[in-house]
Amino acid sequence: MIRLALPKGRSLGVARAALERSGLDLAGLDADPRRLSHRLPGAALEVLLLKDRDLPLYVERGVADCGVVGRDVLDEVDGDLLVPLELAEGRCRLSLIAPAGRPAPRPGEQARIATKYPKSAARYLDTQAWSAELIELSGSIELAPLLGLADFAIDIVQTGATLAAHGLVEIERVREIAPCLVVHRAAWQTLRAEIGELVARLEAAGVAA
Ligand code: PRP
């Protein structure tokens, strides 16, 4: 049995749909919506439901054998995880955003950027001719440049609906983001057959990128 970590919240739907399309029966997840771990013998899985920010740590420490988590979250941690595939659905991007009409940062400008992705933001700034103070927030990032807490934000854009609802625009795409299958390095060896079958199923179902 593989112990698989999945993200709670809206990322769960994408991960679950991909696994179900690969033929795994995950209906047991609905039996008790408050439970955070589910043994699913029919799918040979134990599923842990975790906050996506915590998920890489569970896999890196080997508490979970593998998991599904966004590249945006992986980029913020230092863990040593294998990433054998990305999912085709649920893709989005990390973008520099600002209120419509605000000019892009000029060379030499010192700006303020609100984000919950400080490492990705710092890597992006290293490539720019302008600099910024990073203001780390944990959510509702779009409000910061609207209300003057920051000049810009670096945040996830998927459909663009949240930007449109707030009169914000994308100035530049920073990074393409996809949900990733992550695997504990030792489990890749000790559960080679089981995890290999999971990867093969996802690839055969056409849900891998
Ligand atoms: C994410 C992101 C944007 C929104 C983008 O928010 O921070 O607010 O999704 O999606 P869209 O382009 O499809 O509108 P999330 O729901 O994860 O909440 P939070 O960042 O405020 O925690």
Side-chain angles (χ1 to χ4, degrees), residues 4-19 21 26 29-30 33-34 36 47-59 64 67-79 81 83 86-102 104-105 111-125 128 132-182 207 209:
L4 172 72
L6 295 180
K8 292 199 296 180
R10 73 174 182 169
S11 305
L12 177 61
V14 169
R16 178 172 175 170
L19 292 162
R21 275 183 55 195
L26 303 185
L29 293 180
D30 303 321
R34 286 181 183 274
L36 300 173
V47 173
L48 308 182
L49 298 175
L50 303 174
K51 288 288 267 188
D52 61 358
R53 292 259 167 170
D54 299 333
L55 195 151
L57 185 68
Y58 275 77
V59 178
V68 178
V69 71
R71 180 70 70 179
D72 52 332
V73 174
L74 279 185
D75 282 349
E76 295 297 311
V77 299
D78 300 319
L81 299 173
V83 183
E86 293 186 343
L87 298 182
E89 296 292 322
R91 302 176 85 83
C92 55
R93 64 244 182 218
L94 197 62
S95 293
L96 180 70
I97 63 178
R102 196 199 193 286
R112 297 165 302 157
I113 297 179
T115 189
K116 62 177 180 182
Y117 302 98
K119 291 188 176 176
S120 294
R123 279 191 285 267
Y124 167 71
L125 284 170
Q128 302 300 304
E133 174 198 359
L134 294 177
I135 300 173
E136 191 173 346
L137 300 175
S138 53
S140 305
I141 311 296
E142 291 84 355
L143 287 178
L146 284 177
L147 300 180
L149 180 64
D151 305 304
F152 302 93
I154 289 181
D155 198 22
I156 295 294
V157 179
Q158 188 159 40
T159 62
T162 306
L163 293 188
H166 294 91
L168 295 161
V169 294
E170 273 178 290
I171 291 183
E172 189 176 7
R173 292 185 177 204
V174 170
R175 178 100 159 100
E176 299 299 316
I177 304 291
C180 300
L181 179 67
V182 292
V207 297

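Counting starts at 1 for both ligands and their atoms, in listed order.
- Ion pairing between a basic and an acidic side chain is recognised when a charged N comes within 4.0 Å of a carboxylate O; K119 and D78 show such pairing.
- Ranking the protein heavy atoms by distance from atom 10 (O) of ligand 1 puts R10 NH2, 3.4 Å first.
- The nearest heavy-atom contact from the protein to atom 22 (O) of ligand 1 is K116 NZ, 3.2 Å.
- Under the 4.0 angstrom criterion, atom 8 (O) of ligand 1 counts as having a protein heavy-atom contact.
- Looking from atom 5 (C) of ligand 1 to the surrounding protein, the closest heavy atom is I156 O, 3.4 Å.
- Contact annotation: for D155 versus ligand 1, heavy atoms closer than 4.0 Å belong to the side chain alone.
- In this structure a side-chain-to-backbone donor-acceptor pair under 3.5 Å is present from R112 to L149.
- Of all protein heavy atoms, the one lying nearest to atom 11 (P) of ligand 1 is T159 OG1, 3.3 Å.
- In this model, a donor atom of one side chain and an acceptor atom of the other lie less than 3.5 Å apart for Y117 and D72.
- Of the charged side-chain nitrogens involved, none lies within less than 4.0 Å of a carboxylate oxygen, so that K116 and E76 do not count as a salt-bridged pair.
- Considering backbone and side-chain atoms alike, G160 places an N or O below 3.5 Å from some N or O of ligand 1.
- Applying side-chain contact (heavy atoms from CB on, under 4.5 Å) to I154 and the options I113, I141, L134 leaves one that passes, I113.
- Without hydrogens or angle criteria, R71 side chain to E86 main chain gives no donor-acceptor distance under 3.5 Å.
- Within ligand 1, the atoms closer than 4.0 Å to a non-hydrogen atom of T162 are 4 (C), 5 (C), 8 (O), 10 (O), 11 (P), 14 (O), numbered from 1 in the order shown.
- Looking only at heavy atoms of the protein, atom 3 (C) of ligand 1 is closest to E142 OE2, 3.0 Å.
- Under a 4.0 Å criterion applied to the non-hydrogen atoms of S140, ligand 1 contributes the atoms 21 (O).
- A salt bridge links R16 to D30: at least one charged side-chain nitrogen sits closer than 4.0 Å to a carboxylate oxygen.
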